[in-house]
Number of protein chains: 2
Amino acid sequence: MSPRKTNPPFRSGVPELLILHLLAERPMHGYELVQAILAHTAGGLEFGEGCIYPILHRLEAEGMLDGRRQSVGNRNRVVYRVTPKGRRELARSVADWRRVVAAVNHCLQGGERGQPALA
Amino acid sequence: MSPRKTNPPFRSGVPELLILHLLAERPMHGYELVQAILAHTAGGLEFGEGCIYPILHRLEAEGMLDGRRQSVGNRNRVVYRVTPKGRRELARSVADWRRVVAAVNHCLQGGERGQPALA
DNA sequence: TTGCGATACCTCAAACTTTGAGGTACAAGC
DNA sequence: GCTTGTACCTCAAAGTTTGAGGTATCGCAA
């Protein structure tokens, strides 16, 4: 099911995390999501459409998102909402992110100490 | 000088950050560094040698690190230490990392609010 | 009424990162 | 003599992200 063969210890996962989180708050379409990420991170992070759309398609294919085709006037939109499976994935993503942040902070703050490590 | 053409908003940079930080604390050789990352992040992050060595080589080529070839017994080692240029890069890396963490946290904590954003 | 910019979708090559497995060689212990 | 650990290294493959390209509709202003 999961085509993830490797066990990536890091691998960012940030765009995916933000997508799941923001869509869990409010269903949106892709273009809106790109703007929302920019707005919600106070311009700190900017992911282009070329990054977001493929992730959206993949998450939908994996059953994490439910995309509903809508016509507003003569314009087409795909509004995505998070499925229960997607919510579980979100929880996992948040936990992963916190683990990474904790690990990096632990390293940055900790004034070496510990065992002298090797010679 | 910097062959970095793009303006990556994210791009992790975590291995590089940890390398510069740990070497600023204490000069080490590559193999030791791999173990040190594991130890200092309490096993939270594990970067293989295939990830670390190329970064070490690149940072040395860029003048961020100064690698000294040593012979211990009959064994060869390359002990790396951070140059002044590398320290400046470290400061930049830390700032980048904090910015990313702040942005993601801002997004995760902030209960939407802000403008209703688009229709 | 033509042209522009914004909205909205999409794709793709190229650049870059990281994994996982491969290799060499020496030293120590069993 | 074999295995394990140290220490260096490389590379293909998989993955991510960028930046630029494309289509089409809409509303506004010149």
Side-chain angles (χ1 to χ4, degrees), chain A residues 2-19 27-39 45-62 65 67-80 93 96-97 100 117-119, chain B residues 2-19 27-38 45-62 65 67-80 93 96 100 117-119:
Chain A
S2 144
R4 232 175 269 223
K5 288 150 203 136
T6 57
N7 177 34
F10 182 52
R11 271 315 186 192
S12 111
V14 165
E16 188 179 316
L17 169 62
L18 297 185
I19 287 172
M28 280 184 262
H29 56 271
Y31 189 82
E32 199 180 357
L33 197 49
V34 172
Q35 320 297 316
I37 290 178
L38 201 59
L45 249 28
E46 178 173 4
F47 296 103
E49 298 171 39
C51 173
I52 298 305
Y53 281 116
I55 297 178
L56 246 17
H57 299 331
R58 197 198 74 219
L59 289 177
E60 189 182 18
E62 289 174 352
L65 296 181
R68 308 189 184 176
R69 274 69 195 168
Q70 294 182 347
S71 284
V72 177
N74 212 350
R75 314 278 295 278
N76 284 326
R77 276 181 180 178
V78 189
V79 174
Y80 294 95
S93 289
D96 279 354
W97 170 248
V100 169
L118 304 167
Chain B
S2 142
R4 230 175 271 223
K5 287 148 202 137
T6 58
N7 176 35
F10 184 50
R11 267 327 183 185
S12 110
V14 164
E16 187 179 317
L17 168 61
L18 297 185
I19 288 172
M28 281 183 261
H29 57 269
Y31 190 84
E32 199 180 357
L33 196 50
V34 171
Q35 321 297 318
I37 290 178
L38 202 58
L45 250 26
E46 179 174 4
F47 295 105
E49 299 172 40
C51 173
I52 298 304
Y53 281 115
I55 297 177
L56 245 18
H57 300 331
R58 196 198 75 219
L59 289 176
E60 189 182 19
E62 288 173 354
L65 296 180
R68 308 189 184 176
R69 274 71 195 164
Q70 294 183 349
S71 284
V72 177
N74 210 351
R75 316 277 295 279
N76 284 326
R77 276 181 180 178
V78 190
V79 174
Y80 294 96
S93 289
D96 278 355
V100 170
L118 302 167

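Sequence lines set the chain letters: A, B, ... in the order given, protein chains first and strands last, and positions in each chain run from 1.
Applying the 4.0 Å criterion to OP1 and OP2 of C/dT7, one finds that A/Tyr31 has a side-chain N or O inside that range. Applying the 4.0 Å criterion to OP1 and OP2 of C/dC9, one finds that A/Tyr53 has a side-chain N or O inside that range. Under 4.0 angstrom from either OP1 or OP2 of C/dA8 there lies at least one side-chain N or O belonging to A/Arg77.
Taking atom CG of A/Leu38 as the reference point, atom P of D/dT18 lies 12 Å away to the nearest angstrom. Counting to the nearest Å, the P atom of D/dC11 and the CD atom of B/Glu49 are 16 Å from each other. Here the C1' atom of nucleotide D/dT16 and the CD1 atom of A/Ile19 are 12 Å apart, to the nearest Å. Residue A/Met28 contributes atom CE, which lies 15 Å from atom C1' of C/dA8 at whole-angstrom precision. B/Phe47 places its CZ atom 12 Å from the P atom of C/dG20, with the value rounded to the nearest Å. Atom pair B/Gln35:CD and D/dG5:P shows a separation of 11 Å (rounding to whole Å applied). The nearest whole Å value for the distance from the CG atom in B/Leu33 to the C1' atom in D/dT6 is 15 Å. Residue B/Glu60 contributes atom CD, which lies 14 Å from atom C1' of D/dC9 at whole-angstrom precision.
Atom-to-atom distance recorded for A/His29:NE2 and A/Arg68:CZ is 15.5 Å, nearest 0.5 angstrom. Note that CG of B/Leu56 is 7.5 Å distant from CD1 of B/Ile52, once rounded to the nearest 0.5 Å. A/Leu17 CG to A/Asp96 CG: the interatomic distance, rounded to the nearest 0.5 Å, is 9.0 Å.
Side-chain atoms of B/His57 lie closest to D/dC9 of the nucleotides D/dT18, D/dC9, D/dT16. Each of D/dT17, D/dC9, D/dG5 was ranked by its minimum atom distance to the side chain of A/Pro15; first place goes to D/dT17. The side chain of B/Arg75 lies closest to C/dA27 when the candidates are C/dA27, C/dT19, D/dT18. Ranking D/dA7, C/dC9, D/dT17 by closeness to the A/His29 side chain, first place goes to C/dC9. Distance from the side chain of B/Ile55 is smallest for C/dT18 among the nucleotides C/dC10, C/dT7, C/dT18. Distances were taken from every side-chain heavy atom of B/Cys51 (C-beta onward) to each of C/dC9, D/dC8, C/dT18; the shortest belongs to C/dT18.
Taking the charged nitrogens against the carboxylate oxygens, A/Arg77 and A/Glu32 have no contact shorter than 4.0 Å, which rules out a salt bridge.
Residue contacts for B/Gly30: at a heavy-atom cut-off of 4.0 Å it reaches the sugar-phosphate backbone alone, with no base atom in range.
Here the side chains of B/Met28 and B/Tyr80 are not in contact, with every heavy-atom distance at 4.5 Å or above.
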